[in-house]
Amino acid sequence: MELLIAIIIGVLTACGVYLSLRGRTFPVVLGLTFLSYAVNLFLLIMGRLTVGAPPIISDTAANYADPLPQALVLTAIVISFGMTAFVIILSLKAFLEMGNDQVDGKHKP
Amino acid sequence: MISHIVIFPVILPLLTGIVLLLLPGQQWSLKRITSFTSLCFQIAIAVFLLITVSNGDILAYALGNWSPPFGIVLVADRLAAWMLIVTVLVATCALLYAIRGTDKNGAHFHTLFQLQLFGLNGAFLTGDLFNLFVFFEILLLASYSLLLHGGGRLKTKAGLHFVIINLVGSTLFLFAVGILYGLLGTLNMADLALKIVSTPEENVALIHVAGLLLFAVFALKAALLPLYLWLPAAYAHTTATVAALFAIMTKVGAYSILRVYTLIFGAQAGHLANLIENWLLPLALLTLIVGVLGALASTRLRQQVAYLVIASIGTLLTAFGMHTQAGIAAGLFYLPHSTFAAAALFLLTDCIANRRNVMDDQFEPGPIIQQQRLIGILFFILAILIAGLPPLSGFIGKFLILQAALTHSALPWIMGVILITSLFTLIALARGGSMLFYRAQAPHICNIDPNADVQRNSLSVAMELTSVICLLMLCIGLMVWAGVITEYTTATANQLLQPEFYIQSVLNMEVIQQ
């Protein structure tokens, strides 16, 4: 399980880094989204992997999951969601104003 | 009531922003009055806070009465109060300039302005690393919209770069926060400072990574070399008001560097003590050189001022990078000076550019501008301020930094770079000023329609220059009361270099009894 999650985070980050270095806005936005997915997963498992354990106090539970990373990741998701929406609109605006979707606004020959 | 004072600088701009959103769209005078009144209250609160903490007290405020380290805390110490007062003063001057009419370019200027202040004040006051991230996002989201305020092709392009690089920065911030929480089990900065001392040997490397990731993020916000490339375009293409307000934005990065690397990764952090000592000073000196070279090579005044902002960050972080009491104190004196001077120069540039019609702010011989004498004098004084010539506050700031460097092992480097870059700053500003003022010609010679320029009556000129003069007065105030202010900044540096008291005040605080 740890290995699987680690690989997923690694792949997501690698894709995110590669895509956000591209020259057109759409791959860059996708890359930023991948990066935020990776970091959200990363934050979530920083409370360690626990299966079937409640995050709040209960009489029957033997052990607990760490609730704080869940709260953190919720905040991070909301923020990255808002940011993604903003950057999509901004890219569209840039496309309409500059007439192409290059990040630097210049046509490739 | 008094115990709640710490939260007011955060909650007041937020409430004002919400109220402004509810006001009908066309009532500009009402919006302006609301926004301005709120800023006046914020100044009053910041002054009160400054006086309260100036005797060395540290006020900690537990939100929702959750005692630290479990809840989120706001902490007001000398440094936070100092940053708050600088922020609200710059913001007030910027707003004074905006309410002449540029705020009408977009419907929600005043709301965004207040939310920007909400983010800035929160970032300075928070005592929690994740909360710092949240306030960074708030101030960034407001700044994205402010940057694009008014629209335009160049703004969109610069804005796109600014947004993308900051989103990558936010991701790195979260990775660093995640690592720190995973290994130390806390995000409260005071608690982190305690826990980091007893880090097991096998975790040291990972926390080292987290610490350097945080440094990368703060360096990006502060526009430290090599992460400064977003700044010149973004600052040069936005409106003057926003650029003036953004003069404080880079200082948020500098503040975070100072806070995190004296408190968490400071001298007492065991294996991780003085984590960025070997990085900060060389990078800051290089930033200073690059900023001044950029200012020399600029073809427009706005671009030049933007590069001078980078140079001022280089100087500021050189002072912080010495990591001595005298160095930090000198830096904290230089910080308000450089913020006020850069903001004033951005506003004055706008006044000049408006008067030159199609020539805008390009360094080309243009028409003789209206009120040439008054604006020329103001430009001259500001140039002296920024280059650091006596007798104004820029000189005192640089003098204090050089004095602090005398006992430092990198003395030749610091002395050489700061003195030579000051000379080049002077050359750059002299070149710009002589092009704009001395080589100006009558309109018919440079093929400009003499009637194109609107005639300005003395009232509108007064309105236009009030904020520039206010900022200048603040710099002169820094010069006149340099003794008192230096005492305060020295005490602040002392407080920062002895984080035990901060940690104690936060962790042993009494939760307010109901």
Side-chain angles (χ1 to χ4, degrees), chain A residues 9 12-13 16-17 19-22 25 27-29 31-49 66-69 71-73 75-80 82-106, chain B residues 66 69-72 119 128-131 133-138 140-145 147-148 151-188 206 210 213 217 229-230 233 237:
Chain A
I9 293 175
L12 280 174
T13 312
V17 170
L19 284 173
S20 55
L21 291 174
R22 305 295 291 166
T25 46
V28 171
V29 173
L32 291 173
T33 319
F34 271 119
L35 276 178
S36 68
Y37 287 165
V39 80
N40 289 345
L41 257 182
F42 183 80
L43 268 183
L44 187 66
I45 62 146
M46 271 303 127
R48 304 295 186 272
L49 284 169
D66 191 345
L68 192 75
L72 296 186
V73 85
T75 318
I77 288 172
V78 173
I79 289 175
S80 64
M83 292 292 180
T84 311
F86 186 84
V87 78
I88 287 174
I89 295 297
L90 186 59
S91 317
L92 265 178
K93 189 173 148 77
F95 174 65
L96 292 174
E97 283 186 1
M98 294 190 276
N100 64 70
D101 63 347
Q102 298 290 333
V103 174
D104 59 2
K106 292 184 188 123
Chain B
W66 288 88
F70 303 107
I72 289 171
D128 184 280
L129 207 55
F130 192 78
N131 214 216
F133 163 77
V134 174
F135 279 120
F136 265 24
E137 293 305 305
I138 292 168
L140 283 174
L141 201 48
S143 76
Y144 300 155
S145 315
L147 186 73
L148 297 163
R153 197 172 152 273
L154 289 170
K155 254 182 225 170
T156 309
K157 190 179 139 188
L160 189 64
H161 295 180
F162 180 69
V163 173
I164 289 173
I165 190 137
N166 274 305
L167 284 180
V168 175
S170 308
T171 317
L172 290 181
F173 199 159
L174 277 180
F175 272 117
V177 164
I179 297 173
L180 285 178
Y181 181 76
L183 296 177
L184 300 173
T186 180
L187 285 172
N188 182 302
L206 267 174
L213 270 178
V217 177
L229 291 165
W230 55 271
H237 292 131

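Just so we're clear, the structure is a prediction, and the values are computed from it rather than from any experiment. Here is the naming used below: chain letters follow the sequence lines, and residue numbers restart at 1 for every chain.
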### Message
Please check if the number of heavy atoms outside Tyr37(A) that lie under 6.0 Å from its OH is greater than 12.
### Response
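Not buried by this count: 12 neighbours or fewer within 6.0 Å.
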
Notebook entry, point to check: Quick check: are there more than 12 heavy atoms from other residues, nucleotides or ligands sitting under 6.0 Å from CZ of Phe34(A)?
Noted result: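 No, not enclosed.
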
With a 4.5 Å cut-off on heavy-atom pairs, point out which of [options] contacts chain B the most.
options: Val39(A), Val29(A), Val73(A); result: Val39(A)
options: Val28(A), Asp66(A), Ile45(A), Asn40(A); result: Asp66(A)
options: Thr84(A), Leu44(A), Val87(A), Val17(A); result: Val87(A)
options: Gly31(A), Pro69(A), Gly47(A); result: Pro69(A)

Rounded to the nearest 0.5 Å, how far apart are [atom1] of [X] and [atom2] of [Y]?
X: Thr186(B); Y: Leu68(A); atom1: OG1; atom2: CG; answer: 8.5 Å
X: Leu174(B); Y: Leu35(A); atom1: CG; atom2: CG; answer: 11.0 Å
X: Leu148(B); Y: Phe86(A); atom1: CG; atom2: CZ; answer: 5.5 Å

By a 4.5 Å heavy-atom criterion (distance strictly below it), what part of Leu32(A) contacts chain B: side chain, backbone, both, or neither?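 Side chain only.
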
Open item on the list: What part of Thr25(A) gets within 4.5 angstrom of chain B, counting heavy atoms only: side chain, backbone, both, or neither?
Closed with: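 Side chain only.
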
Might you work through the side chain to side chain contact (heavy atoms under 4.5 Å, CB included) test for Thr13(A) and Phe175(B), ending with a clear yes or no? CA-CA 11 Å; Thr13(A) 312; Phe175(B) 272 117; 4.2 Å; yes

Considering all heavy atoms of both residues, which atom of Arg153(B) and which atom of Glu97(A) are nearest to each other, and what is their separation?
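Answer, listing the atom of Arg153(B) first, then Glu97(A): CA-OE1, 3.5 Å.
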
For residues 158-168 of chain B, run the donor-acceptor check on the side chains, cut-off 3.5 Å, and write out each pair with its distance to 0.1 Å, sequence neighbours left out.
| from | atom 1 | to | atom 2 | distance (Å) |
| --- | --- | --- | --- | --- |
| His161(B) | NE2 | Val103(A) | O | 2.9 |
| Asn166(B) | OD1 | Lys221(B) | NZ | 3.4 |
| Asn166(B) | ND2 | Phe162(B) | O | 3.0 |

Check: Which bit of Tyr144(B) is near chain A, if near means a heavy-atom gap under 4.5 Å: side chain, backbone, both or neither?
Finding: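 The answer is both parts of Tyr144(B).
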
Partner residues of Leu187(B) under the side chain to side chain contact (heavy atoms under 4.5 Å, CB included) criterion, sequence neighbours left out:
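Residues passing side chain to side chain contact (heavy atoms under 4.5 Å, CB included) with Leu187(B): Leu72(A), Asp128(B), Leu129(B), Phe130(B), Val177(B), Tyr181(B).
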
